[in-house]
Amino acid sequence: MGAQKEKKPSKEGLIKEKRNRMGKIYGTLLLISFVISLFFWLEQKNNPDQSEDEVESATITKEKNINETVAPSKQVDEDTDKENTLPISATTKLSKKKDEPNSPLSTVLTTAVVTRVVDGDTIKVKVNGKEETVRFILVDTPETKHPKLGVQPFGPEASSFTTDALTGEEIELEKDVSDRDRYGRLLRYVWIDGKLFNETLIEKGLARVAVFQPDVKYIDQFRELQQKAQKQGIGIWSIENYAQEDGYHTEDKKSATTTTSQPKPKQEEKTISDSCNIKGNISSSGEKIFHVPGGQFYNVTKPEEMFCSKAAAQTAGYRASKR
């Protein structure tokens with residue numbers, strides 16, 4: 001007999017066998033997935049705190065990555081906003097002496113050169129290529145060139161002091177609220193070498209505090225310095241009832257003032273005859289000057305001594321007033 005031929009599997013059998021193998025593989029994968037899920041479930045159950053920390057850490061890391069992605073454009077916007085909102089002190093010229101207590105470290109300053117001094121509180125300057133008249137803010141010195149008031153006591157001294165200190169000097173001008181007064185003059189605080197010159201005039205007893213709203217930035221410190229000058233009785237405060245809230249008074253007035261005057265000399269406590277009416281006064285610089293009736297400053301002078309004759313005054317070391 002001949003050899004028997006091997007029987008080949010049918011097409012349907014091959015398909016069935018393939019399906020069986022795929023089923024086994026799929027079942028194995030499901031089992032592996034179940035085991036892994038079970039493992040993580042058990043791990044989370046045994047360590048709940050650690051799991052939450054990991055979740056939180058993963059969340060923070062994700063947010064950080066998102067922020068870093070969008071940060072460049074946002075940072076550009078923030079930098080632009082910062083440039084537009086910088087404080088004035090970061091973009092303006094500062095005073096030369098930064099250690100001064102009143103140095104304008106956060107104010108806009110304009111540099112100018114003083115060309116001429118008009119009087120104690122008014123100057124001519126060259127600024128931005130043109131000449132301007134500057135009136136000092138918050139201070140008032142006695143007049144020297146007023147058409148009606150003429151020359152007032154301590155007006156020449158204030159004018160000389162400003163002339164010596166500012167003529168030809170480079171200064172810095174600080175604006176308050178108002179730009180100009182009704183005469184077209186610039187209203188400014190004047191800084192020189194880091195020192196507020198308006199303030200210096202008050203310290204020296206050469207100016208009184210004069211308030212014109214709304215320019216009152218330094219009013220508190222000015223008034224404090226004025227009180228000190230009043231107590232010392234220097235300059236304009238050496239003449240009783242002369243400097244007052246509404247200006248300077250060249251005639252004696254019995255109205256009360258806020259000025260703190262020095263104790264009256266013993267000579268005033270005595271009864272003086274009509275013939276002994278020459279007033280001897282010692283100026284803030286220590287100079288002895290006597291005033292006779294009819295003199296320009298006679299009525300406003302506070303006498304240190306009274307004399308019956310010019311000769312007696314001269315013998316005591318006093319000189320005659322020039323006015």
Side-chain angles (χ1 to χ4, degrees), residues 87-96 100 102-152 154-204 206-223 225-226 236 243-248:
I88 294 176
S89 57
T91 58
T92 56
K93 183 178 180 182
L94 304 182
S95 177
K96 296 178 183 177
E100 291 288 340
N102 296 322
S103 183
L105 296 181
S106 60
T107 56
V108 178
L109 300 176
T110 303
T111 302
V113 176
V114 180
T115 58
R116 183 167 64 89
V117 172
V118 179
D119 61 16
D121 55 25
T122 308
I123 58 177
K124 295 278 188 179
V125 302
K126 188 171 184 180
V127 56
N128 296 328
K130 62 179 181 178
E131 188 175 67
E132 292 273 11
T133 302
V134 176
R135 176 63 168 82
F136 301 167
I137 301 176
L138 272 180
V139 297
D140 177 38
T141 61
E143 298 291 345
T144 58
K145 300 178 181 179
H146 197 281
K148 293 182 179 180
L149 300 176
V151 179
Q152 296 180 311
F154 289 98
E157 287 86 345
S159 182
S160 296
F161 182 81
T162 302
T163 299
D164 294 340
L166 300 185
T167 302
E169 297 292 334
E170 182 177 283
I171 61 173
E172 291 168 315
L173 303 175
E174 178 188 351
K175 178 178 174 289
D176 199 328
V177 177
S178 305
D179 185 47
R180 296 177 184 268
D181 63 10
R182 60 179 178 174
Y183 304 109
R185 300 177 298 185
L186 293 176
L187 296 173
R188 297 292 187 270
Y189 298 105
V190 175
W191 293 88
I192 179 167
D193 295 329
K195 177 70 175 177
L196 185 52
F197 190 74
N198 310 48
E199 185 177 74
T200 302
L201 289 171
I202 297 174
E203 282 182 314
K204 299 291 183 181
L206 297 174
R208 68 181 185 89
V209 176
V211 181
F212 293 94
Q213 295 288 350
D215 306 304
V216 293
K217 181 176 181 179
Y218 298 107
I219 187 170
D220 291 336
Q221 65 194 57
F222 279 19
R223 281 180 169 164
L225 289 170
Q226 178 172 279
I236 59 176
Q244 299 184 32
E245 288 290 333
D246 58 346
Y248 295 98

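Using a 4.5 Å heavy-atom threshold, the side chains of Ile171 and Ile123 count as touching. Put simply, the side chain of Tyr248 does not reach to within 4.5 Å of the side chain of Glu143, judged on heavy atoms. Looking at heavy atoms from C-beta onward, Ile202 lies in side-chain contact with Val139 at the 4.5 angstrom threshold. Proximity of Val211 to Leu138: side-chain heavy atoms (C-beta onward) are separated by under 4.5 Å at one or more points. With a 4.5 Å cut-off on side-chain heavy atoms, Leu186 and Thr133 do not count as touching. The closest side-chain heavy-atom distance from Asp119 to Lys145 is not below 4.5 Å. Side-chain contact between Thr141 and Phe154: absent, with no pair of heavy atoms (C-beta onward) separated by less than 4.5 Å. The shortest side-chain heavy-atom distance between Asp140 and Phe212 does not fall under the 4.5 Å cut-off.
When all heavy atoms of Glu174 and Trp191 are compared, the closest pair comes out as OE1-NE1, 2.7 Å. Considering every non-hydrogen atom in both Pro142 and Ile236, the closest pair reads CG-CG2, 3.8 Å. Between Val177 and Pro214, the shortest heavy-atom distance links the atoms CG1-CG, 3.5 Å. When every heavy atom of Leu206 is checked against every heavy atom of Ala158, the shortest pair comes out as O-CB, 3.8 Å. When all heavy atoms are compared, the tightest approach of Gln221 to Glu199 is NE2-OE2, 3.0 Å. Here the closest non-hydrogen pair linking Val118 and Thr144 is O-OG1, 4.5 Å.
Only one option out of Arg116, Arg185, Arg180 pairs with Glu132 in a salt bridge (Lys or Arg N to Asp or Glu O under 4.0 Å); it is Arg180. With Val134 as the partner, the side-chain contact (heavy atoms from CB on, under 4.5 Å) test is satisfied by one option alone out of Val114, Thr122, Val127, Val125: Val125. The salt bridge (Lys or Arg N to Asp or Glu O under 4.0 Å) with Arg135 is formed by just one residue from the set Asp121, Asp215, Asp181; it is Asp121.
The structure places NZ of Lys204 at 14.0 Å from CD of Glu157, a figure rounded to the nearest 0.5 Å. With rounding to the nearest 0.5 Å, the separation of CD1 in Ile192 from CG in Leu173 is 11.0 Å.
In this structure, Glu172 contributes its side chain and Leu109 its backbone to no donor-acceptor pair below 3.5 Å. Between the Ser159 side chain and the Gly155 main chain, no donor and acceptor come within less than 3.5 Å of each other. Although no hydrogens or angles enter the test, the distance criterion places no donor-acceptor pair under 3.5 Å between the side chain of Lys126 and the main chain of Asn128.
Ion pairing between Asp179 and Arg188 holds under the 4.0 Å rule for side-chain N and carboxylate O.
Between Phe161 and Phe197, the ring-plane angle classifies as parallel under the 30° and 60° cut-offs.
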